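Please read all numbers here as calculations on a predicted model, not as lab measurements.
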Amino acid sequence: METLSENRCFGGVQGVYRHKSGATGTDMTFGLFQPAECKDGPVPVLWYLSGLTCTHENAMVKAGAQMWAAEQGIALVFPDTSPRGDGVADDAAYDLGQGAGFYVNAKQSPWAPHFRMWDYVTEDLPNLIFANFALDQDRQAITGHSMGGHGALTIAMTLPERFASVSAFSPICNPTKSDWGRKQLTAYLGADEATWAAHDASLLMEAKGFDGRILIDTGSDDQFGDLLMTEALAAAIARRRQPATLRIQPGYDHSYFFVSSFIEDHIAFHAEALYEVSV
């Protein structure tokens, strides 16, 4: 693991690191905010998964999350959204290829050799950070924005024993039914729609639900509202009688202005769940 930068931040350290990933077969870069409490022992961890076109840097710089994480004594992990570099497949469209890994393990050419973002986020990167930093593996939560909200919800519902809570900003909620999601799922996983269900938050909510806490925020003026399909997830939550908080925030769009407006709420929400977990 190579340290690219470390900066003092709200009494803690905001670092950027690069490592060779066994999952993707490429070098991967991630951000990690460690609050001051790390010097005294392992602290709870909140994973932040970013959206289409983003790197590790977008949320790290734009969300304003570190101040609130420092207040709660929580570490923040900012993974990249896809493999990158020479020899990694790409596409001219912004919603496929580099910057658009969709948090799945691709099975189709030309994506399969490197686009294994599910394994990267759930196995490869956790193994690295828990071996090298003062982070508490038994107290984890996950959040994300847009494509990252999709990833956070699907990962949490698939690995409920790992996460005390999950939240999402403007998540892609029902990709198997949207033009946006069907394009990406077909490209990465193939035409067999039976393989898509594991990556659809609305279908997973119907099938599994989530034992921990759930918070979802979406703006009423989100320019991608028809693609997010928030109503499908809300209906699945209602049918399952799943305890959850889903808020439509009046006047807000899909941008990081929206995320930064409500990131304090989300970090406080996760802190409450994380500190309920026995140490």
request  = Would you check, one step at a time, whether the test side-chain contact (heavy atoms from CB on, under 4.5 Å) holds for Leu135 with Leu32?
outcome  = CA-CA 11 Å; Leu135 308 177; Leu32 172 64; 4.2 Å; yes
Candidate pair Phe163 and His270, rule side-chain contact (heavy atoms from CB on, under 4.5 Å), full reasoning = CA-CA 10 Å; Phe163 300 103; His270 289 295; over 6 Å; no
request  = Before giving the answer on side-chain contact (heavy atoms from CB on, under 4.5 Å), spell out for Leu52 and Thr81 the whole-Å C-alpha distance, their side-chain angles and the decisive distance to 0.1 Å.
outcome  = CA-CA 7 Å; Leu52 290 166; Thr81 56; over 6 Å; no
request  = Please report the C-alpha distance between Tyr17 and Phe133 in whole Å, then the side-chain angles of each, then the deciding distance to 0.1 Å, and finally whether the ring-ring contact (aromatic ring centres under 6.0 Å, His included) criterion is met.
outcome  = CA-CA 12 Å; Tyr17 308 93; Phe133 300 97; 5.2 Å; yes
ask   = What do the steps show when you test His114 against Thr24 for side chain to side chain donor-acceptor pair (under 3.5 Å), and what is the final call?
value = CA-CA 4 Å; His114 301 297; Thr24 67; 5.9 Å; no
request  = Check step by step if side-chain contact (heavy atoms from CB on, under 4.5 Å) holds for Met28 and Leu125.
outcome  = CA-CA 9 Å; Met28 296 292 289; Leu125 185 54; over 6 Å; no
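Leu76 has its side chain out of reach of Trp47: every pair of non-hydrogen atoms, C-beta onward, lies at least 4.5 Å apart. Contact of the Leu189 side chain with the His199 side chain is registered, since non-hydrogen atoms from C-beta on lie closer than 4.5 Å. Using a 4.5 Å heavy-atom threshold, the side chains of Ile74 and Phe33 count as separate. Counting heavy atoms from C-beta on, the side chains of Thr218 and Gln249 never come closer than 4.5 Å. Looking at Ser82 and Phe115, their side chains come closer than 4.5 Å, going by heavy atoms from C-beta outward. Using a 4.5 Å heavy-atom cutoff, the side chains of Val13 and Asn7 are not in contact. Using a 4.5 Å cut-off on side-chain heavy atoms (C-beta onward), Ile129 and Val77 make contact. Between Thr158 and Ile155 the shortest side-chain heavy-atom distance does not fall below 4.5 Å.
Here the closest non-hydrogen pair linking Phe169 and Val259 is CE2-O, 3.8 Å. The two residues Pro83 and Met117 make their nearest non-hydrogen contact at CD-SD, 3.9 Å. Taking both residues in full, the closest heavy atoms of Asp80 and Tyr103 are given as O-OH, 4.3 Å, listed atom of the first, atom of the second, then distance. Closest approach of His266 and Ala168 over heavy atoms only: CE1-O, 3.6 Å. Of all heavy-atom pairs between Pro160 and Met157, the closest is CD-O, 3.6 Å. Residues Ala70 and Phe10 come closest through the heavy atom pair CB-O, 3.6 Å.
When only modelled atom types and interatomic distance are considered, Ser50 and Asn58 share no side-chain donor-acceptor pair under 3.5 Å. In summary, the side chains of Thr29 and His56 do not present any donor paired with an acceptor at a separation below 3.5 Å, with no hydrogens or angles considered. Judged by distance alone, the side chains of Asp253 and Gln223 never bring a donor and an acceptor atom under 3.5 Å apart.
Hydrophobic clustering keeps Leu227 apart from Leu203 (ILVMFWY residues linked when any side-chain heavy atoms are closer than 4.5 Å, directly or through intermediates). Cluster annotation: Met229 is not connected to Met147 through the hydrophobic network of ILVMFWY side chains, with a link wherever side-chain heavy atoms come within less than 4.5 Å.
The CG atom of Asp221 sits 11.0 Å away from the CD1 atom of Ile248 when rounded to the nearest 0.5 Å. Expressed to the nearest 0.5 Å, how far OG of Ser178 lies from CG of Asp200 amounts to 8.5 Å. Going from atom CG of Leu153 over to atom CG of Leu204 covers 9.0 Å, rounded to the nearest 0.5 Å. We find the CE-CG distance between Met1 and Leu4 to be 10.0 Å, quoted to the nearest 0.5 Å. Atom CG in Asp95 sits 11.0 Å away from atom CG in Asp179 (nearest 0.5 Å). For the atom pair Met205 CE and Ile237 CD1, the distance stands at 4.5 Å (nearest 0.5 Å).
Side-chain N or O atoms of Ser260 include none that pairs as donor or acceptor with a backbone N or O of Ala63 at under 3.5 Å. Asp136 places no side-chain N or O within donor-acceptor distance of the main-chain N or O of Val43, the cut-off being under 3.5 Å. Side-chain atoms of Gln242 come within 3.5 Å of backbone N or O of Phe210 as a donor-acceptor pair. Looking only at distances, no side-chain donor or acceptor of Arg182 sits under 3.5 Å from a matching main-chain atom of Leu185. Side-chain atoms of Ser220 come within 3.5 Å of backbone atoms of Gly251 as a donor-acceptor pair (strictly under, hydrogens ignored). Lys39 contributes a side-chain N or O that, together with a main-chain N or O of Ala36, makes up a donor-acceptor pair within less than 3.5 Å. For the pair Ser255 (side chain) and Phe257 (backbone), a donor-acceptor distance under 3.5 Å is present. In this structure, Asp90 contributes its side chain and Gln98 its backbone to a donor-acceptor pair below 3.5 Å. Panel note: side chain Ser202, backbone Leu233; a donor-acceptor pair is recorded below 3.5 Å. Panel note: side chain Tyr256, backbone Gly64; no donor-acceptor pair is recorded below 3.5 Å.
Taking the six-membered ring where the residue is Trp, Phe30 and His19 present perpendicular rings, their angle passing 60° and hence far from 30°. Relative ring orientation between His145 and His254 is described as tilted, the plane-to-plane angle lying within the 30° to 60° band. Under the 30°/60° scheme for interplanar angles, the aromatic rings of Phe258 and Tyr252 are found to be tilted.
With a 6.0 Å radius and a threshold of 12 heavy atoms from other residues, nucleotides or ligands, Asn127 has its CG atom above the threshold. Within a 6.0 Å radius of CG in Asp226, no more than 12 heavy atoms belonging to other residues, nucleotides or ligands are found. Heavy atoms from other residues, nucleotides or ligands lying under 6.0 Å from NZ of Lys107 number 12 at most. A 6.0 Å sphere centred on CD of Glu6 holds more than 12 heavy atoms belonging to other residues, nucleotides or ligands.
Note on Glu206 versus Arg240: no salt bridge recorded, every NZ/NE/NH1/NH2 to OD/OE distance being 4.0 Å or above. Salt bridge status for Glu276 with Arg213: present, with a side-chain N to carboxylate O gap under 4.0 Å. With respect to the salt-bridge test (charged N to carboxylate O, under 4.0 angstrom), the residues Asp265 and Arg247 qualify. Residues Arg116 and Asp119 are paired through a salt bridge, judged by an N-O separation under 4.0 Å between the basic side chain and the carboxylate.
Other cluster members for Phe269: Leu215, joined by side-chain heavy-atom distances under 4.5 Å among Ile, Leu, Val, Met, Phe, Trp and Tyr.
Checked against the 6.0 Å centroid criterion, the rings of Phe102 and His150 qualify as a close aromatic pair.
Listed by first and then second residue, the side-chain hydrogen bond (donor to acceptor under 3.5 Å, both in side chains) pairs that reach into residues 60-79 are Gln14-Gln66, sequence neighbours excluded.
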